[in-house]
Q: 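Let me give you the structure first, and then I'll get to my questions.
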Amino acid sequence: MRGIKTTHVRHIFQGLAALIIIITGIKLGSTLVIPLLLSALLALLANPVVDLLARFRVPRIVGILFTLTAFVIFALLFLGNVASTVQEFTAALPGYREQLTESFNRTQAFLAQKNIRVDLKTFMDSFDPSALVSLLTNMLGKLGSTMSFALLILIATIFMLLEAPLLPGKLRIALSSPDHELQSMRRFLHSFNRYVALKTLISMITGLLVGTMLWAKGVNFYVLWGLVAFLFNFIPNVGSIVAAIPGILLTLLQFGYGDAMLVLAGYLAINVFIGNIIEPNVMGQGLGLSPLVVFLSLIFWGWLLGPVGMILSVPLTMFIKIMMESSRQWRNMAILLGPDDSAEQHEQKNS
């Protein structure tokens with residue numbers, strides 16, 4: 001009995017050591033891992049379109065080139081619009097800093113009349129309005145540096161898409177229990193495509209609502225803040241909170257505290273409506289992940305792979321959970337990653 005326990009403990013430590021080595025390798029090789037992950041993501045997104053074109057007897061290589069060309073054109077137009085708007089906002093920052101200084105001075109004078117001593121000058125001296133878009137520009141900058149591997153990403157995506165029809169046959173030969181493991185992979189692909197499609201639609205609705213609200217209020221650069229809301233909505237939990245900060249602060253600079261509170265209420269209403277009503281009803285339990293796991297995966301993948309890891313945190317964790325479910329050794333561990341109902345269903349099966 002003692003020998004069995006010793007073997008079990010040794011296997012656990014061996015697994016932990018292997019996991020640490022893998023994580024260290026990914027961290028050190030992130031410059032290469034990120035482009036390959038983006039290639040896999042692009043291949044997963046493009047494959048349904050390529051398969052659809054193949055049904056109309058379009059040669060697969062032609063469908064691949066057409067799909068990737070359309071994606072590249074759309075990405076260039078989108079990033080060009082974001083970059084030009086960010087440049088305009090950066091040029092307007094000095095004026096906004098003066099407005100912010102005047103607003104703080106008026107606030108400090110008002111508080112002094114009420115015998116409330118607050119040193120806002122120290123805060124103002126350390127405050128940099130350019131930090132409003134630092135997270136966005138940092139993300140775009142890192143994505144831009146990753147796009148220096150654009151040719152590698154496109155070539156790898158083309159080979160992945162060409163290999164996709166042959167992959168099931170190869171896996172049937174290579175895997176020990178191909179039917180069970182292929183079913184797990186199909187379940188991941190279905191969950192991934194569903195997640196990306198619905199998340200993109202929900203993010204577009206969020207961006208449109210935010211942009212429309214700020215346009216109606218007369219806030220400058222409302223298109224940029226709508227795009228920020230769209231992009232950051234892909235980051236779970238904290239993305240919508242971070243995306244609201246620039247719009248609220250710019251409203252404060254333009255119109256004062258009352259209108260800033262009104263815009264804050266608008267952001268809260270949109271996020272509550274989207275996050276607590278629309279998104280759960282549309283996406284349901286399709287993620288198969290508990291809210292705590294989603295939040296922790298955001299921190300972990302963000303630390304490991306930067307902004308790209310934050311965006312891909314949910315799909316990557318979904319993949320790991322589904323692969324764990326297909327393994328007898330890790331099946332019970334996968335239950336810890338799932339929502340409450342997954343544990344209840346497991347208990348019902350065992351009973």
Side-chain angles (χ1 to χ4, degrees), residues 81-140 202-279 307 310:
N81 189 10
V82 173
S84 63
T85 312
V86 168
Q87 187 177 6
E88 293 176 10
F89 177 72
T90 304
L93 275 178
Y96 289 135
R97 184 178 178 84
E98 293 179 3
Q99 291 179 255
L100 189 62
T101 304
E102 293 176 3
S103 178
F104 278 177
N105 290 336
R106 288 196 303 268
T107 302
Q108 188 164 351
F110 174 78
L111 293 176
Q113 292 177 356
K114 304 294 182 180
N115 294 322
I116 301 175
R117 302 297 177 184
V118 179
D119 185 14
L120 295 179
K121 186 177 184 301
T122 304
F123 173 76
M124 185 59 212
D125 291 339
S126 62
F127 183 76
D128 183 9
S130 61
L132 299 180
V133 289
S134 62
L135 188 57
L136 176 64
T137 53
N138 181 48
M139 179 178 291
L140 290 176
I202 291 171
S203 299
M204 287 178 63
I205 294 173
T206 303
L208 286 172
L209 289 175
V210 168
T212 303
M213 173 188 70
L214 297 178
W215 168 77
K217 191 70 189 106
V219 179
N220 293 338
F221 307 106
Y222 59 87
V223 174
L224 174 62
W225 310 134
L227 291 173
V228 169
F230 167 75
L231 289 173
F232 278 68
N233 198 59
F234 283 94
I235 301 176
N237 299 319
V238 300
S240 57
I241 298 174
V242 174
I245 295 174
I248 295 171
L249 288 181
L250 191 56
T251 307
L252 173 65
L253 295 179
Q254 284 189 245
F255 304 107
Y257 293 102
D259 291 312
M261 291 298 104
L262 189 62
V263 169
L264 171 62
Y267 269 107
L268 288 174
I270 291 172
N271 289 325
V272 168
F273 176 68
I274 296 293
N276 296 329
I277 299 177
I278 298 297
E279 193 163 344
M310 297 173 72

Q: How far apart are the closest heavy atoms of Lys217 and Leu262, and which atoms are they?
A: CE-CD2, 4.3 Å
Q: Evaluate side chain to side chain contact (heavy atoms under 4.5 Å, CB included) for Leu252 paired with Ile248, printing each intermediate quantity in order.
A: CA-CA 6 Å; Leu252 173 65; Ile248 295 171; 5.8 Å; no
Q: Between Val219 and Phe255, is any pair of side-chain heavy atoms under 4.5 Å apart?
A: yes
Q: List the atom of Ala229, the atom of Ala243, and the distance in Å for their closest heavy-atom pair.
A: CA-CB, 3.9 Å
Q: Going by the rule side-chain contact (heavy atoms from CB on, under 4.5 Å), which residues pair with Met261 if we only count those two or more places apart in sequence or in a different chain?
A: Leu264
Q: Nearest heavy-atom pair of Val242 and Pro246: which atoms, and what distance?
A: O-CD, 3.3 Å
Q: Which atom pair, heavy atoms only, marks the closest approach of Trp225 to Val210?
A: O-CG1, 4.0 Å
Q: Rounded to the nearest 0.5 Å, how far apart are CZ of Phe273 and CG of Leu268?
A: 15.0 Å
Q: On a heavy-atom basis, which atom in Asn220 and which in Leu250 lie closest, and how many Å separate them?
A: O-CD2, 3.2 Å
Q: Got a sec, which residues hit ring-ring contact (aromatic ring centres under 6.0 Å, His included) with Tyr267, two or more places apart in sequence or on another chain?
A: none
Q: Give the C-alpha distance, both sets of side-chain angles, the deciding distance and a yes or no for side chain to side chain contact (heavy atoms under 4.5 Å, CB included) between Leu209 and Ile274.
A: CA-CA 10 Å; Leu209 289 175; Ile274 296 293; 4.2 Å; yes
Q: What pairs with Ser203 under side-chain hydrogen bond (donor to acceptor under 3.5 Å, both in side chains), at least two apart in sequence or on another chain?
A: Asn233
